[in-house]
Amino acid sequence: MRIAYIFLPGRIARLAQMGGKELPSEFFYGAIEFRKKGFNVDIFEAIEQPKKSIPRYVAELILPIRYLPIKTYPSTLDAVWRLLPKLKEYDVVVATTTGIAFSLVFLKVLCGLKFSVVGIISGVLNYQLNRVRIGLSKFLLKRMDVHLFGEGEVEPIIIKYGLPRERLTVNYFGVDTTFWRSNSDKENDHYLLAVGNDSMRDFPLLIEVAKRIEKKVVVVTRHDIFGEIPANMEIVKGAWHSQELSDLALRDMYRKAFCIIVPLKESFQPSGQSVTLQAMACEKPVILTRTAGLWDHTHLRHDENILFSEPGNFDQILGHLRELESSTSKREELGKNAREYVLKHARIDFFAERLEQSIRTLCNVFGENI
């Protein structure tokens, strides 16, 4: 069996960097783990081209009337269209974003192609859609095996899009625990660290927290943060795709931080997973906004391996910070339990195993035939 992955640009360059270097594997969504097990896996990138294709011209005409599937853009359709001649040779194609998944299934149906599609989907509940877009999204979702990062999206997606439960797999994100780990000296610089680039980050809340404390607050993001930035807040431009900040540098920042704050807006989307798990794997205490999209309601436990706050409630965050400041043993216990949680429940190996099981079931392939 041949498996193809489609990513946004940046993964192939990262893959080239991994040769002989200490770099994490989680943002390849199991492809590296599959290759280590001997599976036949190839990686492609959906790259926008200067010359437009017919699907892109059509999509650009449709875009103003909002009839495209959610999170799907003409450039995405165009990029996936150009990959189709190569993808015909594969049995299973793993689409690693919502836009790539919708584009791929749409073109697969249009062209009568035979490969199966696994779509890693997130954020489809964050938008108000007209009936045409809901209907088209429903049509496409029913023609892929859908993997969701968290439990919070499952029932709302079933209700909104009428999907059969068996088409949905909750596949918790996992991180590379051989890379994300603590350092031996445990020394830290006593700053608070916030990292994140998705639209669900609540930066205004973070600003309010920074105004009420003396500690330095370091924010790593590619987004512009609006509002009056307090003197104790430092903004570091950084994103995984553009590589302004290396993985080694980010790990060093986690290790030196007093704690990591992940402030979120209310949403069904499981935001903040990667940052939270990377920090926890480095044995750092994490303060996370508990939203409807929390990915794991069973093993993430407040005051045991994580500290939860409610959306918009900076008083709770300030209370958690005071508690951590007053007790070194509390910080160390939270950090130790945090890494234990990741080792037991949130490793990239586990994500890859669940994905493998879905592929085997989807294609009715067992044993060593894969």
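Remember, predicted model here, so these are calculated numbers, not experimental data.
Between Phe149 and Tyr29, the ring planes lie tilted relative to each other; the angle falls in the 30° to 60° range. Ring geometry for Phe308 versus His302: interplanar angle under 30°, hence parallel rather than tilted (30 to 60°).
Looking at Ile6 and Leu87, their side chains come closer than 4.5 Å, going by heavy atoms from C-beta outward. The closest side-chain heavy-atom distance from Val93 to Tyr5 is not below 4.5 Å. Within the 4.5 Å cutoff, the side chain of Phe350 has no heavy atoms near those of the His345 side chain. Using a 4.5 Å heavy-atom threshold, the side chains of Leu264 and Gln269 count as separate. Side-chain contact between Ile225 and Ile235 is present, with at least one heavy-atom pair separated by less than 4.5 Å. Annotation: side chain of Tyr341 is in contact with side chain of Leu277 (closest heavy-atom distance under 4.5 Å). Side-chain contact between Phe179 and Glu22 is present, with at least one heavy-atom pair separated by less than 4.5 Å. Side-chain atoms of Trp81 and Cys111, non-hydrogen and from C-beta on, do get closer than 4.5 Å to each other.
For the atom pair CD1 (Ile260) and OH (Tyr191), the distance works out to 8.0 Å, reported to the nearest 0.5 Å. Separating the CG atom in Leu8 from the CD1 atom in Ile100 is a distance of 4.5 Å, to the nearest 0.5 Å. Atom-to-atom distance recorded for Arg133:CZ and Thr72:OG1 is 8.0 Å, nearest 0.5 angstrom. Distance check, rounded to the nearest 0.5 Å: NZ of Lys37 to CD1 of Ile32 gives 14.0 Å. Of the inter-residue distances, the one linking Glu304 atom CD with Glu333 atom CD reads 8.5 Å to the nearest 0.5 angstrom. To the nearest 0.5 Å, the span separating CZ on Arg347 from OG1 on Thr178 amounts to 9.5 Å.
Cluster annotation: Ile317 is connected to Leu192 through the hydrophobic network of ILVMFWY side chains, with a link wherever side-chain heavy atoms come within less than 4.5 Å. Under the 4.5 Å side-chain contact rule for hydrophobic residues, Val118 and Tyr172 share a cluster. Val262 and Leu193 fall within a single hydrophobic cluster, where Ile, Leu, Val, Met, Phe, Trp and Tyr are joined by side-chain heavy atoms under 4.5 Å apart, directly or via other members. Cluster annotation: Ile348 and Leu15 are assigned to the same hydrophobic cluster (Ile/Leu/Val/Met/Phe/Trp/Tyr, side-chain heavy-atom contacts under 4.5 Å, transitive).
Checked for salt-bridge contact, Glu45 and Arg11 miss the test: no charged N lies under 4.0 Å from a carboxylate O. Under a 4.0 Å N-O distance rule, the pair Lys237/Asp224 qualifies as a salt bridge. Salt bridge present: Arg14 and Asp247 bring a charged side-chain N and a carboxylate O closer than 4.0 Å. Using a cut-off of 4.0 Å between Lys/Arg side-chain N and Asp/Glu carboxylate O, Glu340 and Lys336 are scored as not salt-bridged.
The aromatic ring centroids of Phe27 and Phe173 lie less than 6.0 Å from each other.
At least one donor-acceptor pair closer than 3.5 Å links the side chain of Thr221 to the backbone N or O of His223. Judged purely by atom type and a 3.5 angstrom limit, Arg251 has no side-chain atom pairing as donor or acceptor with the backbone of Gln278. When atom types are taken as modelled, the side chain of Glu266 and the backbone of Ala292 share a donor-acceptor pair closer than 3.5 angstrom. In terms of modelled atom types and a separation under 3.5 Å, the side chain of Glu283 and the main chain of Arg181 share no donor-acceptor contact. Looking at Asp176, its side chain never comes within 3.5 Å of a backbone N or O of Glu26 through a donor-acceptor pair. The backbone N or O of Val170 lies less than 3.5 Å from no partner atom in the side chain of Glu151, so there is not a single donor-acceptor pair. Of the possible donor and acceptor atoms, one in the side chain of Arg165 sits under 3.5 Å from a partner among the backbone N and O of Leu168. Judged by distance alone, with hydrogens and angles left aside, the side-chain atoms of Lys284 form a donor-acceptor pair with the main-chain N or O of Ala257 at under 3.5 Å. Between the side chain of Asn305 and the main chain of Arg301, a donor-acceptor pair closer than 3.5 Å is present. In terms of modelled atom types and a separation under 3.5 Å, the side chain of Arg143 and the main chain of Phe139 share a donor-acceptor contact.
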Residue pair Ile213, Leu318: steps toward the side chain to side chain contact (heavy atoms under 4.5 Å, CB included) verdict: CA-CA 8 Å; Ile213 62 175; Leu318 293 174; 3.6 Å; yes
- request: Please lay out, stage by stage, how Glu60 and Arg56 fare under the test salt bridge (Lys or Arg N to Asp or Glu O under 4.0 Å).
  value: CA-CA 6 Å; Glu60 287 177 345; Arg56 180 166 179 173; 3.1 Å; yes
task: Assess whether ring-ring contact (aromatic ring centres under 6.0 Å, His included) is satisfied between Tyr90 and Phe44, documenting all intermediate values.
output: CA-CA 12 Å; Tyr90 293 86; Phe44 298 94; 5.7 Å; yes
query: Passes side chain to side chain contact (heavy atoms under 4.5 Å, CB included), Val124 versus Thr98? Steps please.
result: CA-CA 8 Å; Val124 296; Thr98 303; 3.7 Å; yes
- prompt: Could you walk me through whether Val217 and Val209 pass the side chain to side chain contact (heavy atoms under 4.5 Å, CB included) check?
  reply: CA-CA 9 Å; Val217 179; Val209 171; 5.8 Å; no
- request: Check the pair Lys330, Asp303 against salt bridge (Lys or Arg N to Asp or Glu O under 4.0 Å), reporting the backbone distance first and the verdict last.
  value: CA-CA 9 Å; Lys330 178 70 173 181; Asp303 211 33; 2.6 Å; yes
field: Full working for salt bridge (Lys or Arg N to Asp or Glu O under 4.0 Å) between Glu208 and Lys211
entry: CA-CA 5 Å; Glu208 291 304 312; Lys211 287 178 179 178; 3.6 Å; yes
- request: List the steps and the verdict of side chain to side chain contact (heavy atoms under 4.5 Å, CB included) for Phe34 and Ile359.
  value: CA-CA 12 Å; Phe34 280 9; Ile359 290 174; 3.8 Å; yes
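Checking Asn183 against Arg255 by side-chain atom types alone, no donor-acceptor pair falls below 3.5 Å. With hydrogens and angles left out, the side-chain atoms of Thr289 and Glu310 include no donor and acceptor closer than 3.5 Å. Checked by atom type, the side-chain pair Tyr73/Asp78 shows no donor-acceptor distance below 3.5 Å.
For the pair Phe314 and Leu205, the tightest heavy-atom approach, listed with the atom from each and the gap, is CB-CD1, 3.5 Å. Nearest heavy atoms, His320 versus Ile287: CB-CD1, 3.7 Å. Nearest heavy-atom pair across Glu323 and Ser326 is O-OG, 2.9 Å. When all heavy atoms of Ile121 and Met144 are compared, the pair lying nearest together is CD1-SD, 4.1 Å. The two atoms that bring Val175 and Val342 nearest to each other are CG2-CG1, 3.7 Å, heavy atoms only. Heavy atoms only, all atoms of each residue included: Thr298 and Asp296 are closest at N-OD1, 2.9 Å.
Within a 6.0 Å radius of CD in Glu228, other residues, nucleotides and ligands contribute 12 heavy atoms or fewer. No more than 12 heavy-atom neighbours from other residues, nucleotides or ligands sit within 6.0 angstrom of NZ on Lys216. Taking a 6.0 Å sphere around CZ of Phe7, one finds it holds more than 12 heavy atoms contributed by other residues, nucleotides or ligands.
By the 6.0 Å and 45° rule, Lys215 stacks over the aromatic ring of Phe258.
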